[in-house]
Amino acid sequence: MVMDKMNDGTLTDSLMEIYDLLYKRFGPQNWWPAETQFEVIVGAILTQSTSWRNVEKAISNLRTAGVLSLDGLLETDIDKLAELIRPSGYYNMKARKLKAIAGFLSENSGSDLDSLIKRPLDEVRQDLLSVYGVGPETADSILLYAGGLPSFVIDAYTRRIFGRLGIIPEDLSYEKARTFFMDNLPPSAQLFNEYHALIVRLGKEMCTSRNPKCNLCPVKPLARESSFCCNRA
DNA sequence: GCCCAGGGGGCTC
DNA sequence: GAGCCCCATGGG
């Protein structure tokens, strides 16, 4: 597998080449689509296994109800929260998760994250992972898009796209996939931000079938334009 | 009706 | 550490 060729420079060049191809095709994605750091965090919870369109409805409901703030989440009854975020699905679970992250923020940083992001990335990440409802993807989304820290976000699209390009195994574990990208890219929050957003942009156009031979898959033209094209190997 | 969407918790082995 | 089920609405 290509990922074995680590630290020889080729891999970094190829990952940057793919980034450039995506950027030229789609342009800047201006992520995260939120007004404040706090709203990024709320969105990161609500978007779990849910399309952003439905998350927007839930966030709009929270805003209209005047509870889209740290104090708002802390003071609002959990059943009321669940009702407001109903459009985002899993509303009972996510209401409990919003309460948990709100409790964490009130004890550790406040909604601005200032005291949190001063600390080493790995420490903050571990603390976030200890919060109910915050798994690795949500933690990295918060670190990157709310905190501006260089923590690469892996999602289903990342594994599907780079798996089909033959760069990583499609079933690579989250932590190994994250380590792979972070070991082979310069640690730039701006780069990680745009890269992940572009991956999602391409991922939305992919067929969701698991058939790697699908000729409609836009990853194929991407491969032909990059050094990972099997025809060039 | 069926499958999937910018996952994570809890449980089992 | 991997595999499975559950959470649940909305869109194609």
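Just so you know, these numbers come straight off a predicted model, no measurement behind them. Letters A, B, ... are given to chains in the order of the sequence lines, protein chains preceding strands, and every chain is numbered from 1.
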List the residues meeting side chain to side chain contact (heavy atoms under 4.5 Å, CB included) with [X], not counting sequence neighbours, and say none if there are none.
X        : result
A/Leu113 : A/Gln37, A/Ile41, A/Leu105, A/Ser109, A/Leu116, A/Ile117, A/Ala146
A/Glu75  : A/Asp71
A/Arg125 : A/Leu129, A/Pro136, A/Asp140, A/Leu143, A/Ser151, A/Tyr174, A/Glu175, A/Arg178
A/Asn92  : A/Ala82

*If you write DNA chain B from 5' to 3' in dot-bracket form, with Watson-Crick or G-U pairs under 3.5 Å, [ ] for crossing pairs and | for pairs with another strand, what do you get?*
.||||.|||||||

*To the nearest Å, how far apart are A/Gln48 CD and B/dC4 C1'?*
17 Å

*Measure from CD on A/Glu56 to P on B/dA5 and round the result to the nearest Å.*
18 Å

*Sugar-phosphate, base or nothing in reach of A/Val55, heavy atoms under 4.0 Å*: nothing

*What nucleic acid atoms does A/Lys94 come within less than 4.0 Å of, heavy atoms only: base, sugar-phosphate, or nothing?*
nothing

*May I ask you to list the residues of residues 20-35 of chain A, by number, that have any heavy atom positioned under 4.0 Å from an atom of DNA chain B?*
A/Trp31, A/Trp32

*asked:* Going 5' to 3' along DNA chain C, which are the first and last nucleotides with any atom under 4.0 Å from a heavy atom of chain A?
replied: C/dC7 to C/dG11

Which side-chain N or O atoms in residues 191-198 of chain A pair as donor and acceptor under 3.5 Å with protein atoms at least two apart or in another chain?
from     : atom 1 : to       : atom 2 : distance (Å)
A/Asn193 : ND2    : A/Trp31  : O      : 3.4
A/Glu194 : OE2    : A/Gln29  : N      : 2.6
A/Tyr195 : OH     : A/Leu15  : O      : 2.6
A/His196 : ND1    : A/Val153 : O      : 3.4

Selection [range] - residue pairs positive for salt bridge (Lys or Arg N to Asp or Glu O under 4.0 Å), sequence neighbours left out:
range                      : answer
residues 44-56 of chain A  : none
residues 92-111 of chain A : none
residues 39-51 of chain A  : A/Glu39-A/Arg63

_So, does A/Arg159 get its side chain near the phosphate of B/dG7, meaning an N or O under 4.0 Å from OP1 or OP2?_
no

Distances for protein N/O vs nucleotides 10-12 of chain B N/O pairs under 3.5 angstrom?
none

*Taking the same atom, P, in B/dG10 and in C/dA8, what whole-Å distance lies between them?*
14 Å

